[in-house]
Amino acid sequence: MNTMVKTAAGKPLSQKMITPPYKMIGQDVSVFYGEKRALFDVNLNIRENTVTALIGPSGCGKSTFLRSLNRMNDTIENCRVTGRITLDDQDIYDTVIDVVELRARVGMVFQRPNPFPKSIYENVAYGPRIHGLHKSKADLDHIVETSLQRAGLWGEVKDRLLEAGTSLSGGQQQRLCIARAVAVSPEVILMDEPCSALDPIATAKVEELIHELRENFTIVIVTHSMQQAARVSQRTAMFHLGQLVEENDTDKMFTNPDDQRTQDYIMGRFG
Ligand SMILES: Nc1ncnc2c1ncn2[C@@H]1O[C@H](COP(=O)(O)OP(=O)(O)OP(=O)(O)O)[C@@H](O)[C@H]1O
Ligand SMILES: [Mg+2]
């Protein structure tokens, strides 16, 4: 069989386009909380410079899978992960892996904005300081400025960098947390329902930001909003009862999914 894939213009696609470059590969990932099994042999690969949305009803294992990508599950007592997860072909659960370094490469933004009780400047400077990413104060100032710019917040905070991070609005705080994540130059950014505590305007700003960040970062986002998944992601993975039901192009997922359970979920029949 001729498997050559052609574009609309008839040109063959390069192999690179046929086999997407995967930033992370999850193979037979299972997660247990004590005796309880939360994920069942999940095989899900994360494409580079792509936004992947994780959807599915409450309790299906989205956050659990997300946390397994930067070993945040390690911080939960009794939690055990089996299977294999790689970042650029390196097993992230290998004993040689420095977890602090891993979490700098695979950063995380949480559901509720959680700035440190420090100034706006210090919130962003904190990570680069710990990881020694700067040589001088000027370097650090530069990292803080560019990170805030990337998070679409610079214009709003440049004259109040020494004010407390918590003095910002909820939406600004979430963008501050994104700036903080971006400041250590991660390769992957994990976001667990980053807009669920935000109003529609703040949500729109964060969504726009996610769209821009994709150029430089690989993003995995958990969301309860089908509209948000459709707006921000190129790939969508649907979970149900700890299993990966389907992973597909977002367009296809929302128009013509392969699995009946996906169909039911997006039609609002459960969850
Ligand atoms: N720390 C924990 N200890 C024990 N069980 C847990 C823990 N965290 C999650 N679970 C269980 O694992 C399963 C998956 O939970 P998870 O939080 O990953 O789901 P989710 O898809 O993110 O749900 P939601 O949409 O409500 O956030 C659930 O049955 C949950 O009760
Ligand atoms: Mg969750």
Side-chain angles (χ1 to χ4, degrees), residues 24 26-46 51-85 92-93 99 102-103 106-114 170 173-174 177-178 181 188-198 202-203 206-207 210 218-233 235-248 250 253-254 257 259-271:
M24 300 193 76
Q27 245 173 5
D28 295 327
V29 178
S30 294
V31 178
F32 303 80
Y33 296 105
E35 298 288 294
K36 185 187 157 58
R37 190 168 182 179
L39 283 183
F40 296 80
D41 302 316
V42 171
N43 288 288
L44 177 58
N45 300 343
I46 306 300
V51 180
T52 302
L54 310 184
I55 64 167
S58 186
C60 67
K62 305 178 293 295
S63 297
T64 298
F65 182 75
L66 194 76
R67 287 195 300 263
S68 69
L69 296 176
N70 72 346
R71 296 186 49 176
M72 282 302 269
N73 285 325
D74 288 16
T75 62
I76 300 171
E77 210 186 331
N78 272 336
C79 184
R80 187 162 60 87
V81 179
T82 64
R84 187 178 154 85
I85 299 178
I92 64 168
Y93 285 85
V99 180
L102 170 70
R103 292 190 193 133
V106 185
M108 195 151 193
V109 174
F110 298 87
Q111 187 166 3
R112 301 222 152 254
N114 58 345
Q173 286 186 25
Q174 195 60 311
C177 293
I178 292 173
V188 182
I189 303 177
L190 310 176
M191 300 182 167
D192 198 347
E193 301 187 47
C195 300
S196 64
L198 307 184
T203 296
V206 171
E207 287 183 1
I210 291 169
T218 297
I219 296 174
V220 187
I221 178 174
V222 171
T223 178
H224 269 121
S225 157
M226 305 296 127
Q227 291 85 349
Q228 180 165 77
R231 282 193 299 263
V232 303
S233 74
R235 299 286 294 181
T236 298
M238 158 80 191
F239 286 77
H240 185 230
L241 300 174
Q243 286 176 327
L244 176 69
V245 164
E246 176 173 358
E247 192 250 346
N248 237 319
T250 296
M253 201 78 166
F254 288 105
D259 194 286
Q260 185 61 41
R261 287 165 294 181
T262 313
Q263 180 81 26
D264 289 347
Y265 183 64
I266 62 179
M267 298 296 281
R269 290 201 195 103
F270 61 76

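These numbers come from a predicted model, not from an experiment. Every heavy atom of this structure was used, including side-chain atoms; hydrogens, water molecules and symmetry mates were not. We count residues from 1, following the sequence as given. All ligand and atom numbering here is 1-based and tracks the order in the structure.
- For ligand 1, the atoms sitting less than 4.0 Å from at least one non-hydrogen atom of His224 are 25 (O), numbered in the order shown with element in parentheses.
- Of the protein's non-hydrogen atoms, the one nearest atom 25 (O) of ligand 1 is Lys62 NZ, 2.7 Å.
- Salt-bridge annotation for Arg71 and Asp74: present, with a side-chain N of the basic residue lying under 4.0 Å from a carboxylate O of the acidic one.
- Taking atom 17 (O) of ligand 1 as the reference point, the nearest protein heavy-atom neighbour is Ser63 CB, 3.9 Å.
- Applying the side chain to side chain donor-acceptor pair (under 3.5 Å) test to every pair with at least one member in residues 27-36, sequence neighbours left out, gives these pairs: Asp28-Asn43, Ser30-Arg37, Ser30-Asp41, Tyr33-Thr64, Tyr33-Arg67.
- Protein heavy atom in closest approach to atom 26 (O) of ligand 1: Ser58 OG, 2.5 Å.
- Summarising the geometry of Met24 relative to Ile85, their closest heavy-atom pair is CE-CG2, 3.9 Å, with the distance given to 0.1 Å.
- Below 3.5 Å of separation, one finds an N or O of Gly61 facing an N or O of ligand 1.
- With values rounded to the nearest 0.5 angstrom, Glu193 atom CD is found 10.5 Å from Leu54 atom CG.
- One option in Phe65, Tyr33, Phe32 has a heavy atom closer to atom 4 (C) of ligand 1 than any other, and that option is Tyr33.
- The protein non-hydrogen atom at the shortest distance from atom 31 (O) of ligand 1 is Lys36 CE, 4.2 Å.
- The closest approach between Gly56 and ligand 1 stays at or above 4.0 Å for every heavy atom of the residue.
- Expressed to the nearest 0.5 Å, how far OG of Ser63 lies from CE of Met72 amounts to 11.5 Å.
- Residues Met226 and Phe254 have side chains in contact (heavy-atom distance under 4.5 Å, counting atoms from C-beta outward).
- Close approach of ligand 1 to Ala38 (heavy-atom distance below 4.0 Å) involves ligand atoms 12 (O), 13 (C).
- The closest protein non-hydrogen atom to atom 13 (C) of ligand 1 is Gly59 O, 3.7 Å.
- Remark: minimum distance from atom 27 (O) of ligand 1 to any protein heavy atom is reached at Glu193 OE2, 3.6 Å.
- Residue Met238 holds its CE atom at 7.5 Å from CZ of Arg261, rounded to the nearest 0.5 Å.
- At the shortest separation from atom 16 (P) of ligand 1 among protein heavy atoms lies Thr64 OG1, 3.5 Å.
- Between Leu39 and Phe32, every side-chain heavy-atom pair lies at or beyond the 4.5 Å cut-off.
- Here the heavy atom of the protein found nearest to atom 1 (N) of ligand 1 is Ile76 CG2, 3.6 Å.
- Ser58 lies apart from the Mg ion (ligand 2) in this respect, since none of its N, O or S atoms is found at a distance under 2.8 Å.
- Side chain to side chain, Gln263 and Asp259 fail the donor-acceptor criterion of an N or O pair below 3.5 Å.
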